[in-house]
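To start, the structure itself, in structure tokens.
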Amino acid sequence: MATPIKIKLKKKSIKHLQKRKPTPAQVKKLAAEKPSGRVRVDWHQYFMNIASEVATRSTCDRKHVGAVIVRDKTILSTGYNGSVRGLPHCDDVGHMMEDNHCVATIHAESNAVIQAARNGVRLEGADIYVTASPCWNCFKMVVNAGIKNIYYGEFYRDDRIFEAAKKLKMYISEIKVQKNR
């Protein structure tokens with residue numbers, strides 16, 4: 001059994017540490033100053049920026065979409081739109097078009113949910129950040145996966161998701177993707 005260690009601090013040492021704390025006026029002044037001139041993005045913009053970066057892996061040149069699934073400010077899964085695993089990419093062999101829509105690809109939201117499932121990651125109560133709003137099929141899948149909030153970068157095709165989200169008491173919101181970071 002380990003023996004407890006006793007640490008004795010001299011009052012003088014503690015007073016020295018307390019003196020190092022900035023005064024409220026100093027704290028206010030430090031907060032007002034931004035030495036680098038850099039503005040720190042909030043969490044929503046941070047995750048949307050990551051979704052934008054994930055979209056750069058897309059293999060369908062008609063639209064590059066990225067998705068990030070997050071819970072408690074922790075990334076659980078990512079996905080981008082691309083071909084079925086093991087099949088050629090649209091970028092390489094062309095598109096499989098139906099009703100002016102490429103059906104060869106799996107959408108980013110689906111890929112993110114599938115990736116979580118492959119790795120045994122629970123999505124209940126998570127948020128999803130997508131560079132384009134989900135299509136109706138992806139919306140239904142996201143809801144059934146237990147995702148509670150949807151943040152999207154731009155509207156894409158299907159406005160049925162807004163009415164359904166309202167009925168389900170889901171939060172859905174647009175967050176613009178920052179082009180120049």
Side-chain angles (χ1 to χ4, degrees), residues 38-85 87 89-91 94-181:
R38 183 179 71 86
V39 176
R40 188 173 182 205
V41 298
D42 66 21
W43 285 104
H44 293 298
Q45 193 63 60
Y46 172 73
F47 292 122
M48 189 56 75
N49 290 349
I50 292 172
S52 179
E53 190 64 29
V54 170
T56 66
R57 292 284 304 151
S58 174
T59 61
C60 183
D61 56 11
R62 288 179 49 84
K63 187 148 190 76
H64 294 184
V65 181
V68 177
I69 301 176
V70 175
R71 187 177 50 242
D72 299 327
K73 299 178 184 168
T74 300
I75 295 173
L76 304 176
S77 185
T78 66
Y80 53 87
N81 58 322
S83 296
V84 173
R85 230 179 250 267
L87 293 181
H89 301 296
C90 296
D91 288 356
H95 303 284
M96 185 186 301
M97 299 299 291
E98 288 181 12
D99 297 325
N100 200 29
H101 190 73
C102 180
V103 295
T105 61
I106 299 174
H107 290 186
E109 307 91 308
S110 296
N111 269 330
V113 170
I114 291 165
Q115 194 65 23
R118 285 177 60 101
N119 291 299
V121 177
R122 184 179 62 87
L123 300 180
E124 191 70 33
D127 300 334
I128 189 166
Y129 293 81
V130 193
T131 57
S133 61
C135 69
W136 181 240
N137 285 328
C138 286
F139 175 80
K140 294 184 294 184
M141 186 210 36
V142 161
V143 169
N144 279 3
I147 293 170
K148 295 297 178 197
N149 301 306
I150 299 171
Y151 301 95
Y152 65 93
E154 66 175 279
F155 175 72
Y156 179 70
R157 292 188 187 223
D158 206 326
D159 59 0
R160 293 179 285 184
I161 65 173
F162 300 109
E163 188 61 35
K166 193 177 198 179
K167 288 178 184 175
L168 295 167
K169 296 180 174 55
M170 284 182 77
Y171 184 74
I172 186 166
S173 179
E174 181 179 29
I175 298 175
K176 292 290 184 190
V177 176
Q178 292 179 348
K179 299 294 180 191
N180 297 324
R181 293 188 294 244

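Owing to the predicted nature of the structure, the values given are computational and were not obtained by experimental measurement. Index from 1, following the sequence.
Across all their heavy atoms, Y156 and S133 have their closest contact at N-OG, 2.7 Å. For the residue pair G153 and V177, the shortest heavy atom distance occurs at CA-CG2, 3.9 Å. Of all non-hydrogen atoms in P134 and E109, the two that sit nearest each other are CA-OE2, 3.0 Å. Closest non-hydrogen pair, A112 versus A67, comes out as CB-CB, 4.2 Å. Listed here is the closest heavy atom pair of R71 and G125: CG-O, 4.2 Å. Closest approach of S110 and I106 over heavy atoms only: CB-CG2, 3.6 Å.
Under a 3.5 Å cut-off, the side chain of D91 and the backbone N or O of D61 do form a donor-acceptor pair. A donor-acceptor pair under 3.5 Å is formed between the side chain of N81 and the backbone N or O of V65. Panel note: side chain T131, backbone G66; a donor-acceptor pair is recorded below 3.5 Å. Not a single donor-acceptor pair under 3.5 Å links the side chain of S77 to the backbone N or O of V113.
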* To do: Evaluate side-chain hydrogen bond (donor to acceptor under 3.5 Å, both in side chains) for E53 paired with N49, printing each intermediate quantity in order.
  => CA-CA 6 Å; E53 190 64 29; N49 290 349; over 6 Å; no
* Verdict with supporting geometry, Y80 and T56, side-chain contact (heavy atoms from CB on, under 4.5 Å) -> CA-CA 8 Å; Y80 53 87; T56 66; over 6 Å; no
* Output, in order, the C-alpha distance, side-chain angles, deciding distance and verdict of side-chain contact (heavy atoms from CB on, under 4.5 Å) for V70 and Y129. => CA-CA 8 Å; V70 175; Y129 293 81; 4.0 Å; yes
* Any chance you could lay out the side-chain contact (heavy atoms from CB on, under 4.5 Å) test for C102 and M97, step after step, and finish with the verdict? => CA-CA 5 Å; C102 180; M97 299 299 291; 4.0 Å; yes
* **side-chain contact (heavy atoms from CB on, under 4.5 Å) assessment of R62 paired with C90** => CA-CA 9 Å; R62 288 179 49 84; C90 296; over 6 Å; no
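If you take CG on N111 and CZ on R85, they are separated by 8.0 Å, rounding to the nearest 0.5 Å.
Ring geometry, H44 versus Y151: the interplanar angle falls from 30° to 60°, so the pair is classed tilted.
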If you look only at distance, which donor and acceptor atoms sit under 3.5 Å apart when one is on a side chain in residues 158-172 and the other is two or more places apart or in another chain?
unit_1: D158; atom_1: OD1; unit_2: R160; atom_2: N; d: 3.1
unit_1: D158; atom_1: OD1; unit_2: R160; atom_2: NE; d: 2.9
unit_1: D158; atom_1: OD2; unit_2: R160; atom_2: NE; d: 3.2
unit_1: D158; atom_1: OD2; unit_2: R160; atom_2: NH2; d: 2.6

Side chains of residues 138-148: which donor-acceptor pairs under 3.5 Å do they make with residues two or more places apart or in other chains?
unit_1: K140; atom_1: NZ; unit_2: N137; atom_2: OD1; d: 3.2

